[in-house]
Structures are given as C-alpha cells and as structure tokens.
Amino acid sequence: MFSSIRGTKDILPKDQKFWDYFKNEAFKQSSIYGFERIDTPTFEMTDLFLRGIGIGTDIVTKETYSFIDRGENNITLRPEGTASVCRAYIQNAMYTESQPKKFYYFTSIFRYERPQSGRLREHHQFGIETLGSNDPFLDGEIIQFAWNLLSKLGLNKLNLNLNTIGDQNDRANYIKSLKSYYTKSDWDNTKCKDCENRIDTNTLRILDCKNKNCQNYINEAPNMIDYASDSTINHFEKVKNYLDLSKIKYTINKSLVRGLDYYTNTVFEITSKENKSQNALVGGGRYNGLIEQLGGPSTPGTGFGMGVERVINEIIESDININEKINSKILFTSIDENSYDKKIKYNLIARNNNINSEISTEGKSLKATMRYANNNDFSIVIILGHEPQGNNNTVSIKYLESGKQENISENELLTMLNKNNDE
RNA sequence: GCGGGUAUGGUAUAGUGGUUAUUACACUCGGUUGUGGCCCGGGAGAGCUGGGUUCAAUUCCCAGUACUCGCCCCA
C-alpha cells in the first residue's frame, strides 16, 4: 500500500470547509485592501533562494527540496513565497508601473524538516507583498491586514511581536559591535555549536538562540536601537503609531530577528497564545534590499507569510462556528431492472436543472440504499420501479426528514425537477 | 541533525507467554414477504517487517521501517 510522503497530508472532503472558510475571508480582504493575486511556479532556480533567503540561513542550508533536472539545472521547490514574487516583479518589469504594487498569493511551501505538530514538509501559506515604497504606513498596513484577517476568522487569543533590525548601514555597525561584545566575553569559550557558525554567518541569530548559556549573554549585549539611525527610529515610530491608531496591541521583542536574511527595519510575528510548540501563525517584515540583491533596481518591499494549516488548526481548536451551506440533495434508486434507465434519465434531468442529485449504486438492498441516503445527507429519495398495485406510471417520493412518502406520476416528477430552474 | 513515545480488523480501541484475540463505529444480511435514523439478532474483517529468547511470542528483547511528539529552526 502506498501512503502519502512523510510530512505531507491529504486535505479530505470533510476538511475542505475550513479551507474554503479561510480562503473566502483571505481573498475577500485582499481585494478590499487593494491587493492583487499573483501565482508563481512551484519551483525556481536554486540560486534565487540562495541569494534571496541567504546562504547562512537554516532554510537554505538544511531545509530545501533541491534536485537537478534532466537539463542539469539546479532546481528548488519553493521554501517561502517572497523571493518568487520579487523575481516575477523584476522579470515582468513591474517596477516601471505605478508604485507600490500590492500582491497576494496562496500556495504550497516545501521545507525538508522533521514533521511534528504544526509542522509539515509541504504546507500552505497565504501571503501578501507590497513592493516599491518605503512608506512605514505600508508596514503598518500589512500587520493590520494580518491581524484583522485572523480576527475576522474568529481568532482573538493572539500576540503580536514587533521589532526593528535597522537598515543595512545600521545593521553593519550593530553586527560589528555584537561580534566584538561576544568574542570578548566568556561566551566565546562556552557558546553552543549552532552559535559557533552563527557568529560569522548570521550574527543576529545569536540573540534568538534558545541555548540557556547563550541566553545568559543576551541582556548585556548591545542594543539594536542604539545603533539605529534617525530614519530607522522614525520609521519604527510611524509603524507603531499606525498600530496604535488601529488599536492593535503589540509587544516590542528586541530579540526577534527572523530566520531569513532579507529583512530590514520592521520585523513582526503573530503567535497564538496557546502555549504550544509551533505557535507562530504569521511572520514577516520589510525587505528593502532584496529586489536589488536579486538583480532588480533598488526597490523597497514589505510583506508577510501566514501558515494556513496552523491557522486552520487554531480555528478548529477554538470551536469557531463555520456556516456550512446545506443544499438539499436527491437520490434516485430503482427497484427493478426495467427502471434502471429511468433512474439515469431522471438523474440527468435533475442535474441539468441544477439540483444536487446522485443515483444509488448497484447491488444494494433498498434498506441499504435508504441508510446510505440517510448517512449522506440526502433529503429526498425517489424510488423508481414496480409498484405492488401494478401502476407503472407512478414513482415514489420519500422525504427523509419527515419520513413521509407519496406516489406521483412521472409527469409530476418532471414538473418538479424542472421547477428548480425558474428560481 | 539530535532525543522521547507508539505500532492489533476500514477507523478507533481492550487484553494476553499457550484455548475461539475484546469492544465501539462503519460495512453487510435479517427481524419488517425491497423503505433510513432508534432497537434486536446474524456475518465478514486484525497483532508493521526481520531476527533473538522460549516447548510455545501478538505479548518479552534487539534491529529496521512507519507514524507521532519534542529540540533546533520555522508558518
């Protein structure tokens, strides 16, 4: 027997209502906020992600699904959404259009990780990106977008963590001073294995290290904000002001640095208050150097990715009521050979009139057919075939909810099926 | 990459070193001489793979595999 690949999941019919619920809200809100849908290919040249996400990041060093295709190209399945959108923006010269450009996407994401609760190898992200403007208003807009979407979906036990990691200049200075702080302290002799690499490749991440010993040195470490330029501070203040005006509460978390290299200035994360392991529902921020890094003109950008499976889990765990449309359905069944063709014929007529209908499958007793109808939410069963009284032109129509049954003529049945079209 | 847990019909579960391996749901047949839900009765269907211990292993041990949970990291 085959089973789905480790870390991948089927989205079964019984779960689709949650996905529909999510997509409806997300797409509707995107359009209200002026975002346009963009779809990019599932795979890209590996270099795009190396240069976009950063060579030293965990995502690139140990989590990509990469392969060499038959043309000997180095290919990687998309491990996040932003790099592809930026590539499309550059490739299609969208920087020549009026700015900013606002995009949303809904897509699969692939990361080779150990699966566990809230973590898959293929998961889905809904994300938005705003390209072509450095206005801090836009940072506020995407954060408010994410927050608003989640609360529209019914989630309200959430935390918003916010930080600024400065522009490229700020960061260069800050990293220099971080390095000198760390290498001069005892930490240098006691640091964990991960940080041994981080000190050179991804210094900021040391602040986010979960190792207890490494954490001991965080408090004394230099503070980003002391290295921030006036414009960085001004930018951050405006983002905070936007959130205040939106009445969204946030926590400044100075060790929030994010695991992708392209971020500048604003970074944020929305987490579930539930005290569980994978509780980050949304992550994002500003990335002013990325487009240039990918070979485009210097262009600022800001955006986020939202983990759809995690959000849907929250919705399910929160017992949020999702309105399901229940359409009445008809099941046609025949009880003798002669009526077999009739059952097919009337089923086709019903469907042509936009009525949800099916026919019973063969080999089932009438009792089993009725049970099937009951278990599958049919409201009406139409029984075609021999009548004990010998009247060949009537059909039995059974209403499952009331249990009532009546005999009508085939003409009446036709009238009934056609009536639906007038509505 | 590292660590923990689990593996029994389709699903969910119980139990046992030796007899017919438990129960529920689903399926199927019947009670109702073709009519669902509730009830009652019948039927079919199961111990991951490989090795070890033993007279005997589904049970104990080891390995593999899968799933699952946690760490790292992320959504």
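As a basis for the values below, the full set of heavy atoms in this structure was taken, side chains included, without hydrogen atoms, waters or symmetry mates. We name chains A, B, ... by the order of the sequence lines, and we start the count at 1 in each one.
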[atom1] atoms of [N] and [M], separation to the nearest Å:
| N | M | atom1 | answer |
| --- | --- | --- | --- |
| B/A14 | B/C55 | C1' | 29 Å |
| B/G10 | B/G70 | P | 29 Å |
| B/G51 | B/A21 | P | 24 Å |
| B/U11 | B/U53 | C1' | 35 Å |
| B/G31 | B/C38 | C1' | 14 Å |
| B/U19 | B/U58 | C1' | 15 Å |
| B/G45 | B/U23 | P | 16 Å |
| B/A12 | B/G52 | P | 32 Å |

From the options [options], select the nucleotide whose nearest atom is closest to the side chain of [X].
| X | options | result |
| --- | --- | --- |
| A/Ser396 | B/U35, B/G34, B/C71 | B/U35 |
| A/Arg114 | B/C71, B/U35, B/C73 | B/C71 |
| A/Ile383 | B/C69, B/C73, B/U35 | B/U35 |
| A/Lys367 | B/U35, B/G70, B/U28 | B/U35 |
| A/Met370 | B/U28, B/G36, B/G34 | B/G36 |

With respect to the phosphate group of [N], does any side-chain polar atom (N or O) of [X] fall under 4.0 Å of OP1 or OP2?
| X | N | answer |
| --- | --- | --- |
| A/Gln116 | B/U68 | no |
| A/Arg6 | B/C67 | yes |
| A/Ser365 | B/U28 | no |
| A/Asn375 | B/C27 | yes |

**Item:** Side-chain donor or acceptor of A/Asn253 paired with backbone N/O of A/Leu162 under 3.5 Å
**Value:**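 It does not hold such a pair.
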
**Prompt:** Are the side chain of A/Thr302 and the backbone of A/Asp139 linked by a donor-acceptor contact shorter than 3.5 Å?
**Reply:**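 Not confirmed, A/Thr302 side chain does not pair with A/Asp139 backbone.
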
Whole-Å distance separating the [atom1] atom of [X] from the [atom2] atom of [N]:
| X | N | atom1 | atom2 | answer |
| --- | --- | --- | --- | --- |
| A/Glu401 | B/U35 | CD | C1' | 17 Å |
| A/Ile382 | B/U35 | CD1 | P | 18 Å |
| A/Asp10 | B/U11 | CG | P | 14 Å |
| A/Glu358 | B/G36 | CD | C1' | 16 Å |
| A/Tyr372 | B/G37 | OH | P | 16 Å |
| A/Asp377 | B/G36 | CG | P | 18 Å |
| A/Phe378 | B/G37 | CZ | P | 16 Å |
| A/Leu331 | B/G36 | CG | P | 14 Å |

Pairing partner (Watson-Crick or G-U wobble, both distances under 3.5 angstrom) of [N]:
| N | answer |
| --- | --- |
| B/U28 | B/G42 |
| B/U65 | B/A7 |
| B/U19 | none |
| B/G1 | B/C71 |

**Residues A/Lys342, A/Glu410: salt bridge by 4.0 Å N-O rule** =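 Looking at A/Lys342 and A/Glu410, the cut-off is met.
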
**Prompt:** Relative to A/Phe378, does A/Lys329 satisfy both conditions: NZ or CZ under 6.0 angstrom from the six-membered ring centre, and within 45 degrees of the ring's axis?
**Reply:**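 Yes, a cation-pi geometry.
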
Name the nucleic acid region contacted by [X], choosing base, sugar-phosphate or nothing; use a 4.0 angstrom heavy-atom cut-off, strictly under.
| X | result |
| --- | --- |
| A/Gly118 | base |
| A/Ile109 | nothing |
| A/Glu113 | base |
| A/Leu281 | sugar-phosphate |
| A/Val282 | sugar-phosphate |

**Message:** Is B/G43 syn or anti, taking syn as a glycosidic angle within 90° of 0?
**Reply:**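 Chi for B/G43 falls in the anti range.
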
**Request:** Select from A/Glu269 and A/Gly403 the residue whose nearest nucleotide in RNA chain B is closer to the 5' end of that strand.
**Result:**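 Here A/Gly403 is the residue nearer the 5' end.
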
**Prompt:** With respect to A/Tyr33, which candidate in A/Lys102, A/Glu141, A/Gln144 satisfies the side chain to side chain donor-acceptor pair (under 3.5 Å) definition?
**Reply:**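 Considering A/Lys102, A/Glu141, A/Gln144, a side chain to side chain donor-acceptor pair (under 3.5 Å) with A/Tyr33 is found only for A/Gln144.
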
Which class fits the ring pair [X] and [Y]: parallel under 30°, tilted 30 to 60°, perpendicular over 60°?
| X | Y | value |
| --- | --- | --- |
| A/Tyr287 | A/Tyr262 | perpendicular |
| A/Phe106 | A/Phe22 | tilted |
| A/Tyr112 | A/Tyr65 | perpendicular |

